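What follows is one structure encoded as structure tokens, with my remarks underneath.
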Amino acid sequence: MCHSPESGRFTVSFRVHFHLYPPPPVRSQDPGQRRVLDRATRQRRLSRQLEALEKDNFQDDPHASLPQLAKRLPQFDDNNESGKKRKKTRGDHFKLRFRKNFQALLEEENLSVSEGPNYLTACAEPSKLPQRHFCTVCGFPSSYTCVSCGVRYCCVRCLGTHQETRCLKWTL
Amino acid sequence: MTTLVLDNGAYTAKIGYSHEKVSVIPNCQFRSKTSRLKTFTANQLDEIKDPSGLFYILPFQKGYLVNWDVQRKVWDHLFGKEMFKVDFADTSIVITEPYFNFTSIQESMNEILFEEYQFQAALRINAGSLSAHRYFYENSSELCCIVVDSGFSFTHIIPYCRGKKMKDGICRLNVGGKLLTNHLKEIISYRQLHVMDESHVINQVKEDVCYVSQEFYKDMEIAQLKGEENTVMRDYVLPDFSSIKKGYCKPHEEMNFTGKYKPGEQILRLANERFAVPEMLFHPSDIGIQEMGIPEAVINSIHNMPEEMQPHFFKNIVLTGGNTLFPGFRDRVYKDIRSFAPTDFEVSVVSPPNPICYAWEGGKLLSEHPDFEEMVVTREDYEENGHFICEEKFDI
């Protein structure tokens with residue numbers, strides 16, 4: 001309908017535009033279709049990530065798949081030769097007491113009722129300085145946030161990588 | 001009667017007799033994919049031929065001793081015939097514990113030291129107290145000091161006055177070497193190569209290549225440049241345990257910018273990771289941990305102290321622990337604290353030549369102190385009075 005010279009010029013340059021730049025990310029821009037996580041979910045995801053950073057190992061125990069040996073292999077370092085008798089610590093009671101995990105021990109301490117400084121009060125407070133944000137893909141300072149999941153990116157290329165690899169790729 | 005000093009850390013144990021030198025030994029057990037049946041303890045790490053995908057079994061969790069099975073196995077190895085050959089009836093032990101250690105762990109420790117191993121006498125003390133003792137030994141004119149102990153599990157800021165710790169001022173940041181290594185593993189796995197299983201190798205990368213930047217945003221800009229101008233970028237050659245036993249960092253001159261690498265070498269190219277990872281000690285909020293960084297926490301801690309002591313604390317800041325070995329750490333801490341502190345106070349930050357063994361050296365000096373005999377609890381005391389006497393004497 002609009003045969004004005006202006007629209008004609010616009011169409012020509014638009015086609016040229018396609019040749020120079022890579023196609024935009026395929027993710028649908030329709031707000032109705034795109035899934036957006038709410039704040040609580042984003043917070044939970046972040047906590048999950050931080051907890052994962054506390055892990056000792058990311059792989060499984062190499063010995064876990066081995067069948068349990070009926071009798072233990074001989075140790076060859078005899079403790080009995082030293083000539084001293086070690087007082088044997090009582091079997092099951094020992095195992096019960098000495099195998100609690102950190103969370104159980106912390107709860108046992110019941111610190112909320114105790115007075116004075118303790119493990120919980122010693123924790124550092126949030127910083128008074130503003131939080132800095134970094135692109136999750138390349139690590140440089142970022143200014144933009146992904147609309148769906150809330151992580152940071154610095155440029156359109158990083159946004160593309162993020163949407164292809166990580167955005168909403170696992171549920172929480 | 002000999003004294004054994006053991007700085008029982010979550011990553012390494014610093015152990016030695018007080019008349020001998022200290023040894024730094026990993027305080028955990030290892031399992032390897034290749035040697036299927038054997039579990040390696042402590043320094044048997046050197047016997048493992050292929051440390052790729054090494055599985056760690058640590059007795060500590062979040063900095064506190066929870067797994068006594070593993071700890072006892074490590075101690076059996078250290079106290080046994082192959083290592084220190086301890087004669088328990090004739091030895092007293094100085095052993096370190098974390099701050100605000102839980103009563104159940106303290107009681108278990110008492111039981112194990114006195115009933116299972118049967119040491120003649122024991123002294124349980126915080127690692128920072130040993131560092132403070134060492135510091136006051138060299139600077140006997142100073143009354144107060146503040147110890148920054150940045151280790152594997154967390155970082156503590158502890159003010160000391162006249163040799164006693166000030167409990168109200170203790171501040172704990174949940175950022176330690178473990179977090180830094182895990183974060184580095186994550187970003188390398190996302191950007192370059194899957195290394196999530198390789199804690200041992202990436203820990204070495206972190207120690208070789210990372211540094212603390214003095215001007216963060218400027219270094220960020222330099223890291224974004226391409227080619228020769230990017231002085232921050234380094235190539236790290238990963239070990240393959242057959243020809244290359246230990247990874248190393250290629251010096252800047254040898255780096256290949258055209259993008260073609262020598263075959264047979266696996267290379268990691270690190271630019272902003274080099275200084276962004278240690279930056280987490282100064283700004284834990286970078287990664288989402290809502291806590292203050294080390295300089296802010298020091299200032300906060302000092303502000304909670306009585307006003308007349310504050311100038312003395314600023315003059316005596318001591319950095320201990322493995323994380324302080326990053327190049328540029330001390331200068332950055334000084335710069336940040338100097339900018340926060342009032343101008344009329346003098347600020348002095350000391351980084352000892354061996355921060356890992358500083359507490360152990362303090363323990364050695366303490367064992368030679370004339371009051372040492374009164375500080376320990378002997379086995380007879382414990383058998384008569386039980387846990388009560390340990391609770392009274394030791395200030396944990």
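Throughout, a chain's letter reflects where its sequence line sits, starting with A, and its residues are numbered from 1. This one's a predicted model, so the numbers in the text were calculated from it and none came from an experiment.
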Worksheet item: Side chain, backbone, both or neither: which part of A/L53 has a heavy atom under 4.5 Å from chain B?
Response: both
Worksheet item: What is the minimum heavy-atom distance between B/L58 and A/D56, and which atoms define it?
Response: CD1-OD1, 3.1 Å
Practice prompt. Check each atom of A/N57 against the heavy atoms of chain B and say whether the ones under 4.5 Å are side chain, backbone, both or neither.
Written response: side chain
Practice prompt. Indicate yes or no for a side-chain donor-acceptor contact from B/Q61 to the backbone of A/F102 under 3.5 Å, with no hydrogens or angles considered.
Written response: yes
Worksheet item: If only atom types and distance count, is the side chain of B/N182 paired as donor or acceptor with the main-chain N or O of A/K55 below 3.5 Å?
Response: yes
Item to complete: Take B/E221 and A/F140, measure what side chain to side chain contact (heavy atoms under 4.5 Å, CB included) needs, and give me the verdict at the end.
Response: CA-CA 9 Å; B/E221 278 174 33; A/F140 290 105; over 6 Å; no
Fill in: Interatomic distance, B/F154 atom CZ to A/C123 atom SG [nearest 0.5 angstrom]
11.0 Å
Worksheet, complete the sentence: Scanning both residues in full, the closest heavy-atom pair of B/Y190 with A/T165 reads OH-OG1, 2.9 Å
Discussion item. To the closest 0.5 Å, what do you measure between CG (A/L105) and OH (B/Y64)?
Written reply: 11.0 Å
Worksheet item: Would B/D286 and A/Q131 count as a side chain to side chain contact (heavy atoms under 4.5 Å, CB included) if you check the C-alpha gap in whole Å, the side-chain angles of each, and the deciding distance to 0.1 Å?
Response: CA-CA 7 Å; B/D286 283 355; A/Q131 182 169 353; 5.9 Å; no
Item to complete: Please test A/R132 against B/E279 for side chain to side chain contact (heavy atoms under 4.5 Å, CB included), starting from the C-alpha separation and ending with a verdict.
Response: CA-CA 11 Å; A/R132 312 189 290 200; B/E279 191 67 20; 3.0 Å; yes
Item to complete: Can you sort out the partners of B/H77 under side chain to side chain donor-acceptor pair (under 3.5 Å), two or more places apart, ordered by chain and number?
Response: B/N43
Item to complete: Could you tell me which portion of B/F216 (side chain, backbone, both or neither) has an atom closer than 4.5 angstrom to a non-hydrogen atom of chain A?
Response: side chain
Practice prompt. Name the region of A/E109, side chain, backbone, both or neither, that has any atom closer than 4.5 Å to a heavy atom of chain B.
Written response: side chain
Worksheet item: If you measure from CZ on A/F134 to NE2 on B/H283, what distance do you get to the nearest 0.5 Å?
Response: 8.5 Å
Worksheet item: If you draw a 6.0 Å radius around NZ in B/K218, do more than 12 non-hydrogen atoms from other residues or ligands fall strictly inside?
Response: no
Worksheet item: Donor-acceptor pair, A/Q59 side chain versus B/L54 backbone, under 3.5 Å?
Response: yes
Worksheet entry | Separation of A/E54 CD from B/N174 CG (nearest 0.5 Å) | 7.5 Å
Fill in: Under 4.5 Å from a heavy atom of chain A, the part of B/T39 involved
both
Discussion item. If we define contacts as heavy-atom pairs under 4.5 Å, which of B/T103, B/L173, B/D168 has the most with chain A?
Written reply: B/T103
Discussion item. With rounding to the nearest 0.5 angstrom, report the CZ to CD distance, A/F58 to B/E186.
Written reply: 6.5 Å
Response to the item:
Smallest heavy-atom separation, A/G139 atom then B/M220 atom, equals O-CE, 3.4 Å
Fill in: Greatest number of heavy atom pairs closer than 4.5 Å to chain A - which of B/K33, B/K167, B/K62
B/K62
Practice prompt. Would you name the heavy atoms of A/C135 and B/R191 that are closest together and state the gap between them?
Written response: O-NH2, 4.3 Å
Worksheet item: Contact part of A/E108 toward chain B, heavy-atom cut-off under 4.5 Å: side chain, backbone, both or neither?
Response: side chain
Worksheet item: Any idea which heavy atoms bring A/A124 and B/M292 closest together, and the distance?
Response: CB-CG, 4.1 Å
Discussion item. Please classify the contact between A/K128 and chain B as side chain, backbone, both or neither, with a heavy-atom cut-off of under 4.5 Å.
Written reply: both
Worksheet, complete the sentence: Applying a strict 4.5 Å limit to non-hydrogen atoms, the region of B/A223 in contact with chain A is both
Response to the item:
For A/A122 and B/F100, the nearest pair of non-hydrogen atoms, with its separation, is CB-CE1, 3.5 Å
Discussion item. I'd like to know whether the aromatic ring centres of A/Y119 and B/Y99 sit less than 6.0 Å apart in this structure.
Written reply: no
Worksheet entry | Contacting region of B/K38 [heavy-atom separation from chain A under 4.5 Å] | backbone
Worksheet item: In Å, rounded to the nearest 0.5 Å, how long is the span from SG of A/C138 to CD of B/E273?
Response: 9.5 Å
Item to complete: Would you please name every residue forming a side chain to side chain donor-acceptor pair (under 3.5 Å) with A/T136, sequence neighbours left out?
Response: none
